[in-house]
Every structure is written in structure tokens, then in C-alpha cells.
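Notes follow once the structure below has been shown.
Below, each value reflects all heavy atoms present in this structure, side chains not excepted, and no hydrogens, waters or symmetry copies. Keep in mind that this is a model prediction, so the values were computed, not measured. Here is how names work: the chains are called A, B, and so on, in the same order as the sequence lines, proteins then strands, and each is numbered from 1.
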Protein chains: 2
Amino acid sequence: MTRGRPPAHTREQVVDTAIRLADAEGLAAVTFRRVATEIGAGAMSLYTYVPDKDRLLDLMVDRVGGETAQIKITGDWRTDLMALAAAQRTLMLAHPWLPGALPNRRLTGRNMLGYLEQGLAALAPTGLDGPTKMELIALITGFVASYVTNELTAATPAAEQVALITDAVASGDFPHLAAALGSGAQGTETSFERIAGWIITGLVEQAIRPRPSDRSSS
Amino acid sequence: MTRGRPPAHTREQVVDTAIRLADAEGLAAVTFRRVATEIGAGAMSLYTYVPDKDRLLDLMVDRVGGETAQIKITGDWRTDLMALAAAQRTLMLAHPWLPGALPNRRLTGRNMLGYLEQGLAALAPTGLDGPTKMELIALITGFVASYVTNELTAATPAAEQVALITDAVASGDFPHLAAALGSGAQGTETSFERIAGWIITGLVEQAIRPRPSDRSSS
DNA sequence: ACTATTTTCAGTACAGCGTACGAGAAAGGG
DNA sequence: CCCTTTCTCGTACGCTGTACTGAAAATAGT
């Protein structure tokens, strides 16, 4: 039954417009009025397609989640997880607002579930139990998000913080910090692959290891 | 020189009030008007003590950062990093808004630098270079933040997502997800210490390992 | 064909936000 | 005593999300 006035737009159109806006001008540019004028509608008309702003963000996240390249599962969890992490990073670099929009967001759609599914498939050979796999996936996703955030932010050193840090170093209260800043300027050697390799290999190997009692002092 | 009308309040008072508000009612309750009435001042008076809202958040973060328990450096990096992570988690559980306020925030004060300094001190025995140490600290902090966020959110399963997930599982398109959900309900076994142990041990051991060429297929 | 029903459209309006501006109040220095 | 300096804070502007409301546009039933 299709009674009533037919919709002039679609939910996909609204979400796509919001994504395009966020890509071009950042999350802050995504306002109902702005999105509405962009698709040539009244601000309030959007509520026909989207229940509220928070849900719009959910939908945006799920939609771009669908753009993630489908990785092929080789059966080697290290290779597969690296591929998945790399795909995630590519996605976040294409949509810089994504890392910032991810926290506090609920699983809204099948695309996010699809991502979860891929991660679980990659982890299948490890023989870990379900909750542990979930935890590992969340951990890896969180790492990628924070890495990309740093990656996108680090370009702006901000002058003001430089003063704070040099002052702090000069005060002598932070010897290790001074040493760390002086030590290595190895530039782009801190590549994504290097660190992602650490975290993935390290994490999964630790998780697989059958608990060698507990060697901490407690 | 102390000419002019003396301030009726202090920056610390403003920041403390904002923190108290955030602790009690969440970050959203922290508005200039609200903070102002709370300390018995006009909204615009706050601008005497704080340049703008973003800086107020910076100051809040740095202030609670000062509450972090000073860990004692034993010289065993695993023990020390675990203690540091645990201290961070304690802090974030005491101030649930902190994980949400952390991203996109600049290093504002000496307390944050102090935290950095502690992490570097803990990592000193590893002999890693400065940038790598920094990276590891950021990674661990990011992990703690996302873990605590999950910890605070997971209490609310939200009914709506349950429907989405059961539908998805019923559709048969997500076999691994179905299996993972069915597998283990081991409850609180996914403790912070267990996972923090993985990430710290795994990460640092990987970082220390002198690069066994590269065993991926590429 | 006309009416009733249902759905979408979008203008107006409201409370709340951060904050720019500017006039008044309160202090010390000459 | 006045002048300079500093802090105080009411008013106001533009912006936000969105509740409400009535008009518009389609179909379903008679």
C-alpha cells in the first residue's frame, strides 16, 4: 500500500548528502538545515527520512562502512587482519570525520555487522572463543581509529604546544621526555604497517598463548 | 602590579566546577551559563578565566590528569605499564566523560606531560627510541579509553540493536557472527587486566623484537 | 468523480548554545 | 581626587536540534 503523498527524496539521498558534506567540510558542517538546502528541501522534511541527528550519524557510519573493501580470507589470520586494518585505514582517510564519529555510536546496520563478520572470519583459524574475538576486533578498530586521528592531526603542531613542551623540557622536570624528543627523528619510519603488525601479531599471539599462569608480582 | 578590580573567582574554581558538573551530569551539562550560575557569576564573567569552551575542556582534562596516581617505577616495563594503565582506567571510571573528551584535544598542561613522562620512564628499560615509545604510550592510552568507553556503555544493550543482530543472525548471512554469539558466555572473564596484559606484553615484545625481516606475502 | 484517508512537505517557533560587544563597578597609582 | 586598569555581566546575534501545525499531494473507497 502506497497511499499518501510520495516522498520527494530518499533516505539514501539524505545520508549521502550528509556524508559528502562531512567529507568536504567536516562533521560540524552536517546540520539539518544545511543538508536540507543541499538537496533542495525544507529543513523539517528531513525528519521524514531520519528520526534525528544521532541516527543520521549512525546511518552515515554504516553507509561508509559499506565502502570497506571486502578482503579475501586467506586463512592466515595475520595476513587477513592486516588487510582488514589497512582497509579500515583507507576508509578513514577517505572520510576523515569517521574516527571522530565512531565513539558512542551503536551498531546500526548490516554493513557494520559485515565488518564484524569479516574480522571474525579472519580470526577463525585462531580457535579463540567468541567474546575474545570480539574484543580483539574492537581493539584493532580502536587502534586504527586513534592512529588515523593522530595521522590527520599531527600535521598541525600548533605553536602553542611547542612552547609548552620546550618550557617543560627546559624546566628539567621531564628528563625522559627531553631524551625522547632528542633521540630519534626517523620521520615516517613509524609507518602504519609497522605498528599495525606489532599490535596484531602481539595481541593475537598473546591471546592464543594458553595463559602461562601469571608472572606479574601482584 | 595588581591594579584593577580584583577577580571574584579563580580559573581553578571554574575548571573544578566544570569537572564536578561533568562527573555528575555528563559533558553535555558543561555549558558556560550552567557553570557560571553554579559558582554564582554571570555567564560572560567566565571569559575572564578561560578563553573559550574548547580551552576549558583542555583544562579539565589536564586537571583530572593530575589526579592520576603516581606509579612507582620498578624497572620491569611490564609491571610498570600495567600499573600505569590501571591508574588511567581508575581515573576514567571516576570521570566517565574523560574518554569522550580526550580525542582531538591538545596537550595543554604539565599534568599531561607528567603522564607522558611516566610512560617514558616505564619504557626506559626497553631501549626503544623516542618516537616508538611515544607511539606505544598513545596506543596504550587509546586502548584504555576505548576499553572504558565500552565498559561504561555495555550496560545498555538497547533492545533495538538486539533486534538488528538477531535478525542478521537469522538471515544466515553472518555465519561467524552467529557462531561467535553462540560460543562463550564466560561473563566477566574478559577482565581489564587480562586484555591489558595482552596488549602491553604483545605490543612491547613485538616492538623490541629486532625486525625478523617481513614474513607477509605482499 | 468525489470524498476520506494517509502521508509528506515545510514554515514558524522555541529553548539552548557559544560568544561579541559595551556599559558600569571596583580597585590601585599619580 | 581622578585616571587607568581590570573584572562583571546584561543584552544580543547567529546558530543548533526539533516540536508543532497546517497545507499539499497522493491513493482507496463509495
- prompt: OP1 or OP2 of dC7(D) sitting under 4.0 Å from any side-chain N/O of S45(B)?
  reply: no
5'-most contact on DNA chain C (nearest-nucleotide basis), G4(B) vs T31(B), goes to T31(B)
Whole-Å distance, R55(B) CZ to dG18(C) P, equals 16 Å
Note: for V30(B) and R5(B) on DNA chain C, the residue whose nearest nucleotide lies more 5' is V30(B)
A41(B) has its side chain closest, among dT8(C), dC9(D), dC20(D), to dC9(D)
Picking from dA19(D), dC9(C), dC21(C), the nucleotide nearest the side-chain atoms of M44(A) would be dA19(D)
For A8(A), answer base if it contacts any base atom (sugar-phosphate contacts may also be present), sugar-phosphate if it contacts only those atoms, and nothing otherwise; contact means non-hydrogen atoms under 4.0 Å. sugar-phosphate
I39(B) CD1 to dC7(D) P, in whole Å, measures 14 Å
Salt-bridge criterion met for D58(A) and R63(A) (N-O under 4.0 Å) = no
Separation of dC17(C) atom P from L56(B) atom CG, nearest Å, is 14 Å
### Task
Answer yes or no for R89(B) and F192(B): cation-pi contact, defined as NZ/CZ to six-membered ring centre under 6.0 Å and angle to ring axis within 45°.
yes
Taken to the nearest whole Å, CZ/R11(A) to P/dT7(C) is 16 Å
Rounded to whole Å, the CG-P distance (L46(A) to dA10(C)) equals 10 Å
In whole angstroms, the gap separating C1' of dG18(C) from CG of D52(B) amounts to 9 Å
task: Assess whether one donor atom and one acceptor atom, taken from the side chain of R33(B) and the base of dG16(C), lie less than 3.5 Å apart.
output: no
Partner of L136(B) under side chain to side chain contact (heavy atoms under 4.5 Å, CB included), picked from I199(B), L128(B), L120(B), I200(B), is L128(B)
Looking only at dG17(D), dC21(C), dC9(C), the nucleotide nearest the H9(A) side chain is dC9(C)
In whole angstroms, the gap separating C1' of dC15(D) from CZ of F32(B) amounts to 17 Å
Which of dC9(C), dC7(D), dA27(C) is nearest the side chain of T48(B)? It is dC7(D)
Between NZ of K53(A) and C1' of dC17(C) the distance, given in whole Å, is 13 Å
Closest of dC9(D), dA10(C), dT19(C) to the Y47(B) side chain is dT19(C)
Using modelled atom types only, decide if a donor and an acceptor are shared between the side chain of Q118(A) and the backbone of I71(A) within a distance under 3.5 Å.
yes
Out of dT16(D), dT8(D), dG18(C), minimum distance to the side chain of Y49(B) belongs to dT8(D)
Quick note, R3(A) side chain, CB onward, closest among dT5(C), dA25(D), dT16(D) is dT5(C)
*asked:* Between R34(B) and E25(B), does any side-chain N to carboxylate O distance fall below 4.0 Å?
replied: yes
